[in-house]
Each structure stands twice: as structure tokens, then as C-alpha cells.
Asker: 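I have a structure here, written as C-alpha cells, and I will follow up with some questions on it.
When a residue number appears, it is its place in the shown sequence, counting from 1.
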Amino acid sequence: QMHQFYAKSRADKASLRRKYDRFRELTPLLAYKAQKQRDLDEVRLLEWRLLTQLSELQGKIKEIETTLAEYENIPLWKRLTMQAVGKNVETLREYRTIHECQIDGLRRELDVAKGRIDELVPEAAVPKDMRPEFQELKDEIQRLGGTRKIRELLAAEEDTNRQAFVQNRRLL
């Protein structure tokens with residue numbers, strides 16, 4: 001019986017050691033993946049803001065082009081009002097040029113952001129079976145009392161003695 005008890009105890013400890021080692025192996029890996037996912041989320045948010053700015057500028061250019069196309073048909077009093085606030089034909093063309101330069105800059109930034117997204121997607125991807133495995137190991141470790149308790153159990157197993165067997169059999 002004592003040999004069976006020791007064999008079972010060693011098998012349990014070996015299983016616990018494998019689980020603990022795998023948990024320690026997965027913890028930094030998943031933390032790294034979580035950090036990369038946060039970075040990916042930030043870059044996607046930046047991409048969305050850049051696309052929003054780009055569409056706003058394109059809308060402004062379209063508005064300027066329609067105004068320039070219809071400038072001769074706009075009533076005189078409205079043209080005078082536009083000129084009073086600095087929107088005559090020459091300045092509208094300058095505004096269009098400025099907006100086109102801004103759009104070019106935004107497109108360059110978008111290209112950089114898309115390249116960064118393409119880099120981060122594989123880095124942030126977590127294999128399908130890894131997360132449930134980690135969660136299962138984490139639950140098991142919490143059930144056993146945490147990593148400190150497991151380290152104590154594994155350290156105590158290094159020198160097994162007959163007293164553990166006797167206490168387990170409730171002979172004393």
C-alpha cells in the first residue's frame with residue numbers, strides 16, 4: 001500500500017508540475033499577445049480617425065469644386081458675402097490645393113498604419129486552443145490555492161517520507 005501511495009503521489013506531483021510549468025510557459029506568451037492586441041486596437045482606432053479626416057477633407061474639396069463650378073450662377077449678394085469672409089475664386093482654389101496636400105499626407109499616414117496593422121495581426125493572434133487551455137490551467141491553479149501554494153507543494157515533494165503516508169492513512 002505504501003508503494004502504491006508513493007507512486008500515486010509522485011504521479012500527481014508530476015502531473016501538477018507539468019500543469020504548473022505549462023501555465024508558467026503560457027502566461028508571458030498570452031500577456032505579450034494581449035499587449036499586441038492593445039497595440040492593434042490603437043492602430044485601428046488611428047486608422048479610423050485618419051479615414052474620418054480624409055472623408056471630411058474630400059467633402060470640403062467637393063464643396064469647393066461645386067462652388068467654383070457654379071460661381072457665376074451664384075447671386076451677386078451671396079458672392080459679396082462669400083468674398084467678405086475670404087471665399088473668392090482665388091482663395092477657393094488655394095483652399096482646394098491645401099486640402100489636397102492634407103489628403104496626400106493623410107494617405108501616407110494611412111499607408112503606414114495599414115502596414116503596422118498587417119504586422120500586428122499575426123503577432124496578436126492567439127491560437128484557438130491556447131486560450132481555453134490557459135483558462136483551464138488557471139482555474140486548476142486557483143482551485144489548488146495559487147502559484148505560491150503549488151510551489152510549496154512541489155518543493156515539499158522533493159523529500160517524501162513515511163509520515164505523509166501514515167497521516168494519510170489516519171494511523172496516528
Asker: Closest heavy-atom contact between Leu92 and Ile64?
Answerer: O-CG2, 3.5 Å
Asker: Any idea which heavy atoms bring Leu137 and Arg22 closest together, and the distance?
Answerer: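 That would be CD1-CG, 3.6 Å.
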Asker: On a heavy-atom basis, which atom in Glu100 and which in Ile61 lie closest, and how many Å separate them?
Answerer: CG-CD1, 3.6 Å
Asker: What distance separates Lys60 NZ from Ile98 CD1, expressed to the nearest 0.5 Å?
Answerer: 11.0 Å
Asker: If you compare all heavy atoms of Leu40 against all heavy atoms of Ala124, which two are closest, and at what distance to 0.1 Å?
Answerer: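 Scanning both residues completely, I find the closest heavy atoms to be CD2-CB, 4.3 Å.
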Asker: Whether the side chain of Thr66 engages the backbone of Lys62 through a donor-acceptor N/O pair (distance < 3.5 Å, no angle test) should be reported.
Answerer: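 Yes, because the side chain of Thr66 sits within donor-acceptor range (under 3.5 Å) of the backbone of Lys62.
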Asker: Does the distance from a Lys or Arg side-chain N to an Asp or Glu carboxylate O, for Arg116 and Glu47, drop under 4.0 Å?
Answerer: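 Salt bridge flag = no for Glu47 with Arg116.
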Asker: For Tyr32 and Glu123, which heavy atoms make the closest approach, and how far apart are they?
Answerer: OH-OE1, 3.5 Å
Asker: Is it true that a side-chain atom of Lys33 and a backbone atom of Ala125 form a donor plus acceptor pair closer than 3.5 Å?
Answerer: yes
Asker: Is there a side-chain contact between Leu120 and Gln37 in this structure, where contact means two heavy atoms from C-beta onward sitting under 4.5 Å apart?
Answerer: no
Asker: For Arg49 and Thr52: C-alpha separation, side-chain torsions, deciding distance, then whether side-chain contact (heavy atoms from CB on, under 4.5 Å) applies.
Answerer: CA-CA 5 Å; Arg49 286 195 309 259; Thr52 304; 5.5 Å; no
Asker: Can you tell me how far apart NZ (Lys36) and CD (Glu119) are? Round to the nearest 0.5 Å.
Answerer: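 Answer rounded to 0.5 Å: 9.0 Å.
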Asker: Which is it for Gln102 and Leu54 under the side-chain contact (heavy atoms from CB on, under 4.5 Å) test, yes or no, and what are the steps along the way?
Answerer: CA-CA 8 Å; Gln102 289 174 338; Leu54 187 69; over 6 Å; no
Asker: Please answer: with hydrophobic residues joined when any side-chain heavy atoms are less than 4.5 Å apart, are Val43 and Leu110 in the same cluster?
Answerer: no
Asker: Ignoring hydrogens, what is the shortest heavy-atom contact between Leu26 and Phe134? Give both atom names and the distance.
Answerer: CB-CD1, 3.7 Å
Asker: Which residues end up grouped with Trp48 if you chain together Ile, Leu, Val, Met, Phe, Trp and Tyr wherever their side-chain heavy atoms are less than 4.5 Å apart?
Answerer: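 Besides Trp48, the cluster holds Leu45.
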Asker: What's the separation between atom CD in Gln135 and atom CG in Leu30, rounded to the nearest 0.5 Å?
Answerer: 10.0 Å
Asker: Answer with yes or no whether the hydrophobic clustering places Val112 together with Leu50; edges join I, L, V, M, F, W, Y residues whose side-chain heavy atoms lie under 4.5 Å apart.
Answerer: no
Asker: In Å and rounded to the nearest 0.5 Å, what is the CG to CZ distance from Asp111 to Arg107?
Answerer: 9.5 Å
Asker: Roughly how far apart are Leu106 CG and Cys101 SG, rounded to 0.5 Å?
Answerer: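 Answer for the CG-SG pair, Leu106 versus Cys101, is 11.5 Å.
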Asker: Would you say the side chain of Asp21 lies within less than 4.5 Å of the side chain of Arg18, judging by non-hydrogen atoms?
Answerer: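 In short, these two side chains do not touch, never coming nearer than 4.5 Å.
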Asker: Could you state the interatomic distance from CD1 (Ile103) to CG (Leu57), rounded to the nearest 0.5 Å?
Answerer: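 That separation rounds to 5.0 Å.
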Asker: Indicate yes or no: at least one non-hydrogen side-chain atom of Arg44 is less than 4.5 angstrom from one of Val121.
Answerer: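 In short, these two side chains touch, coming nearer than 4.5 Å.
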Asker: Is Glu140 paired with Arg143 through a side-chain N to carboxylate O contact shorter than 4.0 Å?
Answerer: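 Salt bridge flag = yes for Glu140 with Arg143.
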Asker: Would you say that Leu29 contacts Val126 through its side chain, given a criterion of any heavy-atom pair below 4.5 Å between the two side chains?
Answerer: no
